[in-house]
**Q** 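Encoded as structure tokens, here's the structure I'll be asking about.
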Amino acid sequence: MSDSPLPAAEALVLLLVALGHPPDRIPVDPVAREAVYRATLATRRALVVLDDAADETQTRPLLPDAEGSFVLVTSRRPLAGLEGVRRIRLGGLSGGESATLLKRILGAPRTDGQSEAITRLTELCGHLPLALRIVGNRLSSRPSWTPARLVSQLADEESRLSGLVAGDLAVRGALALSYGQLTEPHRLLLRRLSLTPGHDTGPDLAAVLTGEDPLTTGDSLDLLVDRGLLEETAPGRYALHDLVRLFARERLDGEEPESVAREVQLRMADWLLRSASAAGRMFEAPGAPEPWAGAIAPFAPRSAAEAEEWLTTERSNWAGALPLMYAADRHTEVLHTSRTLYWFSDRWTQWPEWRTLFSYGARSAAAVGDRAAEAHQLNCLAWAHGVGA
């Protein structure tokens, strides 16, 4: 992961020397080097570890074909072009594993009685091994610091990446390497994904952020997964790791005018509420008007089942769009959405999103001076608190 990865021909020299081959007898021709490398491995059992491989071209010449030898390759990419391999995708560490790693770095004297702070540090690191190593190294190099002190420093999202630095190790630097290897359309998508209010998203919503079609956007999302910058949490659903989201938001603030980011965010919020209204109309909603017109067509369900699936899958996103539309004085649209989803709310009475929906519905009704609508929304809000208690 650098602008100039180690060429395979140079890696072969390092491997042959490590295997005991005389340096002055290593062929100059790369193909001949490969032949000598494989012939050398044919006489022994070896485990070759290729850490942080850039791509298939760099890796393929270093794979032995002799039985009895194995290669362990780590990479941020799946290296899909390699054949005859077993791939293991590594996710983040569990909470327990993260805490154990920090405790082993720091030692018992530094962590005894600090379990709450250690747990919080692992959460702030998003259970990312690099971030945990950095936190451990920072505390190790400052014997007077307690884990609780570092928690207070990392709690602020705007400065968290700046705090995840220890010497030449930096989370921001590692992410910047991957970001720098993307094309501009893929960088744009990654930056704007940081605007989504929910934990995950699908190609339709992501396409609203960039103006691309959902099919092209789906391919771009898959590429970001391959580059280790997105997680596919379920088929067709994609999420940013917490630290990647902070990095993407930094890049958005640094590379796009604030006015553009606001326009994209409001376009997304508008699409989400229009789509929620279109889905809500599938559940009775007597007399509900059509969703308002917009630049991008909303999600249009063909059945109640399809509408319910969308409302369920995207509920953190459409609920997160409510404060954005309210802040933009789009009160008529907020109230329209609340009225339309009123009938659907009976199907999932325990959702906390109903309190958000009817709260903003009541506030928007008050803002437009519709006292009857405000009373109805407050009644719905009381119901949401009652059934969700």
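Everything numeric in this text was worked out from a predicted model, so none of it was measured. Every heavy atom of this structure was used, including side-chain atoms; hydrogens, water molecules and symmetry mates were not.
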**Q** Kindly indicate whether the side chain of T201, heavy atoms from C-beta on, has any atom under 4.5 Å from the side chain of L209.
**A** no
**Q** Is any side-chain heavy atom of H376 less than 4.5 Å from a side-chain heavy atom of Y342?
**A** yes
**Q** Can you tell me if T43 uses its side chain to pair, donor with acceptor, with the backbone of T40 under 3.5 Å?
**A** yes
**Q** So, the side chain of R187 versus the backbone of G180: is there a donor-acceptor pair under 3.5 Å, distance only?
**A** yes
**Q** Enumerate the ring-ring contact (aromatic ring centres under 6.0 Å, His included) contacts for residues 250-291, please, sequence neighbours excluded, ordered by first and then second residue.
**A** F283-F344
**Q** R237 and T313: side-chain donor and acceptor closer than 3.5 Å?
**A** no
**Q** So, the side chain of S338 versus the backbone of V334: is there a donor-acceptor pair under 3.5 Å, distance only?
**A** no
**Q** Does the R76 side chain pair with the main chain of R227, one donor and one acceptor, at a distance under 3.5 Å?
**A** no
**Q** Contact between Q377 and R339 at the side-chain level, heavy atoms closer than 4.5 Å - yes or no?
**A** yes
**Q** Check ring-ring contact (aromatic ring centres under 6.0 Å, His included) between H331 and all other residues, then give those that pass, not counting sequence neighbours.
**A** Y326
**Q** Start with the C-alpha gap between R33 and E10, add the side-chain angles, then the distance that decides, and say whether salt bridge (charged side-chain N to carboxylate O under 4.0 Å, His left out) holds.
**A** CA-CA 10 Å; R33 282 183 192 175; E10 294 183 24; over 6 Å; no
**Q** Y238 and side chain to side chain donor-acceptor pair (under 3.5 Å): which single residue from D222, T233, D200 fits?
**A** D222
**Q** Would you indicate whether the side-chain heavy atoms of L190 and R251 approach each other to under 4.5 Å?
**A** no
**Q** Should the heavy atoms of other residues, nucleotides or ligands under 6.0 Å from CD of E258 be counted, would the total exceed 12?
**A** no
**Q** Among T216, T217, T210, exactly one meets side chain to side chain donor-acceptor pair (under 3.5 Å) together with D213. Which residue is that?
**A** T216
**Q** Under 4.5 Å between side-chain heavy atoms, counting indirect links through other Ile/Leu/Val/Met/Phe/Trp/Tyr residues: same cluster for L188 and L205 or not?
**A** no
**Q** Any side-chain heavy-atom pair from E353 and W318 closer than 4.5 angstrom?
**A** yes
**Q** Looking only at side-chain N and O atoms, does S98 offer a donor or acceptor that is under 3.5 Å from a partner on H127?
**A** yes
**Q** Is L82 close to L63 at the side-chain level, that is, under 4.5 Å between some pair of heavy atoms?
**A** yes
**Q** Side-chain heavy atoms under 4.5 angstrom apart, residues restricted to Ile, Leu, Val, Met, Phe, Trp, Tyr: same cluster for F70 and V49?
**A** yes
**Q** State whether the side chain of T340 and the backbone N or O of S277 hold a donor-acceptor pair below 3.5 Å, judged by distance alone.
**A** no
**Q** Could you tell me which residues satisfy ring-ring contact (aromatic ring centres under 6.0 Å, His included) with H186, sequence neighbours excluded, listed by chain and number?
**A** none
**Q** Looking only at side chains, do R172 and S162 share a donor and an acceptor under 3.5 Å apart?
**A** yes
**Q** Between the side chains of E97 and S94, does any donor sit under 3.5 Å from an acceptor?
**A** yes
**Q** Can you name the one residue among E212, E263, E256 that meets salt bridge (Lys or Arg N to Asp or Glu O under 4.0 Å) with R192?
**A** E256
**Q** Hey, is the main chain of T119 close enough, under 3.5 Å, to the side chain of T122 for a donor-acceptor pair?
**A** yes
**Q** Does R110 reach the main-chain N or O of L139 with its side chain, forming a donor-acceptor pair under 3.5 Å?
**A** yes
**Q** Side chain of R191, backbone of E255: donor and acceptor closer than 3.5 Å?
**A** no
**Q** With clusters defined by side-chain heavy atoms of hydrophobic residues (ILVMFWY) lying less than 4.5 Å apart, directly or transitively, does L50 cluster with L14?
**A** no
**Q** Please report the shortest heavy-atom distance between L6 and Q58, naming the atom on each side.
**A** O-NE2, 2.7 Å
**Q** Checking salt bridge (charged side-chain N to carboxylate O under 4.0 Å, His left out) for the pair R281/E290: CA distance, chi angles, key distance, verdict?
**A** CA-CA 8 Å; R281 293 181 78 255; E290 292 282 349; 3.6 Å; yes
**Q** Are L62 and V71 side-chain neighbours, meaning at least one heavy-atom pair lies under 4.5 Å?
**A** no
**Q** Applying a strict under-4.5 Å side-chain criterion to I, L, V, M, F, W and Y, I'd like to know whether V368 and L273 cluster together.
**A** no
**Q** Could you tell me the separation between the CZ atom of R77 and the CG atom of D52, rounded to the nearest 0.5 Å?
**A** 10.5 Å
**Q** Do L79 and L223 sit in one hydrophobic cluster, given that two such residues count as connected whenever their side-chain heavy atoms are within less than 4.5 Å of each other, even indirectly?
**A** no
**Q** Is any side-chain heavy atom of L311 less than 4.5 Å from a side-chain heavy atom of E308?
**A** no
**Q** For R104, does the CZ atom sit with more than 12 other heavy atoms under 6.0 Å from it, leaving out its own atoms?
**A** no
**Q** Do N317 side-chain atoms and G198 backbone N/O form a donor-acceptor pair below 3.5 Å?
**A** yes
**Q** May I ask you to check whether over 12 heavy atoms, not counting those of E116, lie within 6.0 Å of atom CD?
**A** no
**Q** Has T146 got a side-chain atom pairing as donor or acceptor with R149's backbone, closer than 3.5 angstrom?
**A** yes
